[in-house]
Structure formats: structure tokens, C-alpha cells
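Some notes on the structure that comes next.
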Amino acid sequence: MAPAADRQGYWGPPTSTLDWCEENYAVTWYIAEFWNTVSNLIMIIPPIFGAIQSVRDGLEKRYIASYLALTVVGMGSWCFHMTLKYEMQLLDELPMIYSCCIFVYCMFECFKTKSSVNYHLLFTLVLFSLIVTTVYLKVKEPIFHQVMYGMLVFTLVVRSIYIVTWVYPWLRGLGYTSLGIFLLGFLLWNIDNIFCDSLRNFRKKVPPIIGVTTQFHAWWHILTGLGSYLHILFSLYTRTLYLRYRPKVKFLFGIWPVILFEPLRKH
């Protein structure tokens, strides 16, 4: 976490329960943590296009909700790191829980008939979200949020491994790429927390262009944003395979993955 000695800026003193390792207001008076803020663009823009494409393709609403939920997380995180205000922190952290609940629902409903609704699972996930929200608003303990979020991610990991092991082994590349990128982001998140003082001292001694590369919380945003996006593709690929579509992962401009498919024609 960040040491106490930081500049003041447009949004005033931080009121959040967390203040990350990036130096506050070091780049501009108007953004508390510049790199931690702009790195959220990867969670905002691509999922919007994913949601639009899902609507055009007539996909089930839960996949549209998955893309939009990731966008909401990115927007909340942008507001949090820009201001370091407690209210904006909640706008970041609570949607992380809600979006993961949507991901869990999608992953456990991959092999059901089209447009079916699992009301028991839906009720369980809504209740879980309400309990986490209520408790977190009361205790204001970041570790509680991190543990609850970790439980959801663990559930997604176990379900994904089951699918690529027993159901669609040829999806291992996409599934494990998503997981590996996410775990790399988690590793950098921990390094940023544990070695914050050392990282700050290093950034004082090197040119800014090199120091920027050590903003590991920003890398956490980039990697988990990409990992979450790939997870949605993995979930969607699994679902459309089951529905007898012909999904394919294509790369826009040779770099950005999207999923394209066509329904299997009836003869």
C-alpha cells in the first residue's frame, strides 16, 4: 500500500480504505492515480463492443450482461483511482462481486437448453451478492471483499478446468490462457502491495518512462481485464458449441480476440 506522504490534488484527501502504491497526483492535478485510472480502458471499451456484437448475434442476455458488467467494473475502478473516495471505491469493488456472479451463472448454465433459467442458482447468487454487500458496507474491511471475490474466482477456475478436462479438451488453449493472464495479474498485484516502498524508491532513481513499467497495479487492471474478457469468450464459446453453432475466435487487426459464429443450418 502507499506510504502516507503523497501530494494533494483536485479531489482532496483520500477517504477510501485503500490507497495503492502509485504516487498520488504525480501526473496531473485532476487524477489521483493516473496510470491506475487509464489502465481501466481495457475493461471499458472492448466489452462494450462485445455487448453490441452479442445483441446483433441474438445471443442470450446473460452474455450481454457479462460484457456490460465488465464495463461497469472498469468504469467504477476508473472513478475510484481517479478520486480515491470511499463511495467510488464501492463503485469499483461491489461490481466485481456482481460481475463474477454473472460469470458463475453463465459457466454453470453452459449445457442447458436455450433460454432456460435456473432460478435456484439465480436466487443463490443474488442472495450471495446481497449478503456480501450488506456485510461489506458494515465492516468496511477490504480483506473481506478480497476473500469473497477470491471464492467466486476459484469457483470459475474449477468449473473451467472441468470443462477443458472432461467436456471440450480442445478449448484448453483459450481456457488456460485466460487463467494464466489473470494469475499473472494477481502476482503483480501482490508484488505491488508487498514491495511498494522499494518500487517507489526505484521510480525516484529512473527515468519516468521506465518507472511507468513498474506500476504493477495498472498491470493488474490490464491483465485481469484481458483475462476476464477472454473468460467471457471461453464461456460463450462453450455455450455456442453446445447449442450446435460454429464458433471461431478471430483477431481484429491481428491482435484483439473476438468470437464469431454462425448457426448450424437445418436441412
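The structure presented is a predicted model; accordingly, all values stated were derived computationally and were not measured. In this chain, numbering begins with 1 at the start of the sequence shown.
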| said: For Trp189 and Asp192: C-alpha separation, side-chain torsions, deciding distance, then whether side-chain contact (heavy atoms from CB on, under 4.5 Å) applies. | reply: CA-CA 5 Å; Trp189 181 84; Asp192 190 72; 5.8 Å; no
| note | In this structure, CG of Leu260 is separated from NZ of Lys250 (nearest 0.5 Å) by 7.0 Å
| query | Where does the angle between the aromatic ring planes of Phe182 and Trp220 fall among parallel (under 30°), tilted (30 to 60°) and perpendicular (over 60°)? | reply | perpendicular
| said: Heavy-atom count check: over 12 atoms from other residues, nucleotides or ligands less than 6.0 Å from Tyr30 OH? | reply: no
| Pairs meeting criterion side-chain hydrogen bond (donor to acceptor under 3.5 Å, both in side chains) with involvement of residues 64-76, two or more places apart | none
| task | Begin with the C-alpha distance, continue with both residues' side-chain angles, and end with the deciding distance and a verdict on side-chain contact (heavy atoms from CB on, under 4.5 Å) for Leu223 and Phe216. | result | CA-CA 10 Å; Leu223 294 171; Phe216 290 145; over 6 Å; no
| note | Of all heavy-atom pairs linking Pro46 and Leu41, the shortest is CD-O, 3.6 Å
| query | How long is the gap from CD1 on Ile64 to CG on Leu236, to the nearest 0.5 Å? | reply | 10.5 Å
| said: Does atom CZ (Phe144) have a neighbourhood of more than 12 heavy atoms from anything else shown, all under 6.0 Å? | reply: yes
| field | Side chain Asn118, main chain His120, donor-acceptor under 3.5 Å | value | yes
| If you draw the axis of the six-membered ring of Tyr86, does the NZ or CZ of Lys140 fall within 45° of it and under 6.0 Å from the ring centre? | yes
| query | Is there a donor-acceptor pair closer than 3.5 Å between any side-chain N or O of Glu22 and the backbone N or O of Asn36? | reply | yes
| With a 3.5 Å cut-off and no angle check, do the side chains of Gln89 and Thr17 form a donor-acceptor pair? | yes
| query | Quick one: side chain to side chain contact (heavy atoms under 4.5 Å, CB included) partners of Trp11, sequence neighbours excluded? | reply | Tyr25, Met82, Thr83, Lys85
| Any donor and acceptor pair, going by atom type alone, linking the side chain of Glu60 with main-chain N or O of Arg62 inside 3.5 Å? | no
| query | So with a 6.0 Å cut-off around CD1 of Ile209, is the heavy-atom count from everything else above 12? | reply | no
| message | Please check this pair: side chain of Arg159 against backbone of Val104, looking for a donor-acceptor N/O pair closer than 3.5 Å. | response | no
| said: So if I apply the ring pair (Phe, Tyr, Trp, His ring centres under 6.0 Å) rule between His217 and each of Phe34, Phe186, Trp20, which one comes out positive? | reply: Trp20
| Donor-acceptor under 3.5 Å (Ser178 side chain, Gly227 main chain) | yes
| task | Could you check Leu179 against Ser160 for side-chain contact (heavy atoms from CB on, under 4.5 Å), going step by step and ending with a plain yes or no? | result | CA-CA 9 Å; Leu179 176 59; Ser160 299; over 6 Å; no
| query | Under 3.5 Å, is there a donor-acceptor pair between the side chain of Asp92 and the main chain of Phe80? | reply | no
| request: Output, in order, the C-alpha distance, side-chain angles, deciding distance and verdict of side-chain contact (heavy atoms from CB on, under 4.5 Å) for Tyr242 and Tyr168. | output: CA-CA 10 Å; Tyr242 178 78; Tyr168 296 138; 3.8 Å; yes
| Salt bridge present between Arg203 and Glu23 (N-O < 4.0 angstrom) | yes
| Are there more than 12 heavy atoms of other residues, nucleotides or ligands under 6.0 Å from atom OH of Tyr10? | no
| request: Say whether, by atom type as modelled, one donor and one acceptor occur between the side chain of Asn40 and the main chain of Met43 under 3.5 angstrom. | output: no
| If only atom types and distance count, is the side chain of Ser116 paired as donor or acceptor with the main-chain N or O of Thr113 below 3.5 Å? | yes
| query | Checking Tyr63 side chain against Ile232 main chain: does a donor-acceptor pair fall under 3.5 Å? | reply | no
| task | Please lay out, stage by stage, how Arg239 and Glu109 fare under the test salt bridge (Lys or Arg N to Asp or Glu O under 4.0 Å). | result | CA-CA 8 Å; Arg239 178 61 173 162; Glu109 291 298 293; over 6 Å; no
| request: Answer yes or no: is there a donor N or O on one side and an acceptor on the other, between the side chain of Ser228 and the main chain of Gly225, under 3.5 Å? | output: no
| message | Looking at Leu130, I want to see if its CG is surrounded by more than 12 non-hydrogen atoms of other residues, nucleotides or ligands under 6.0 Å. | response | yes
| task | Please report the C-alpha distance between Thr37 and His81 in whole Å, then the side-chain angles of each, then the deciding distance to 0.1 Å, and finally whether the side-chain hydrogen bond (donor to acceptor under 3.5 Å, both in side chains) criterion is met. | result | CA-CA 5 Å; Thr37 299; His81 291 285; 5.7 Å; no
| said: As an exercise, state the distance from CD of Gln146 to CG of Leu18, rounded to the nearest 0.5 Å. | reply: 6.5 Å
| task | Check whether any side-chain heavy atom of Val157 sits under 4.5 Å from a side-chain heavy atom of Val153, and report yes or no. | result | yes
| query | More than 12 non-hydrogen atoms from neighbouring residues, nucleotides or ligands closer than 6.0 Å to CZ on Phe195, yes or no? | reply | no
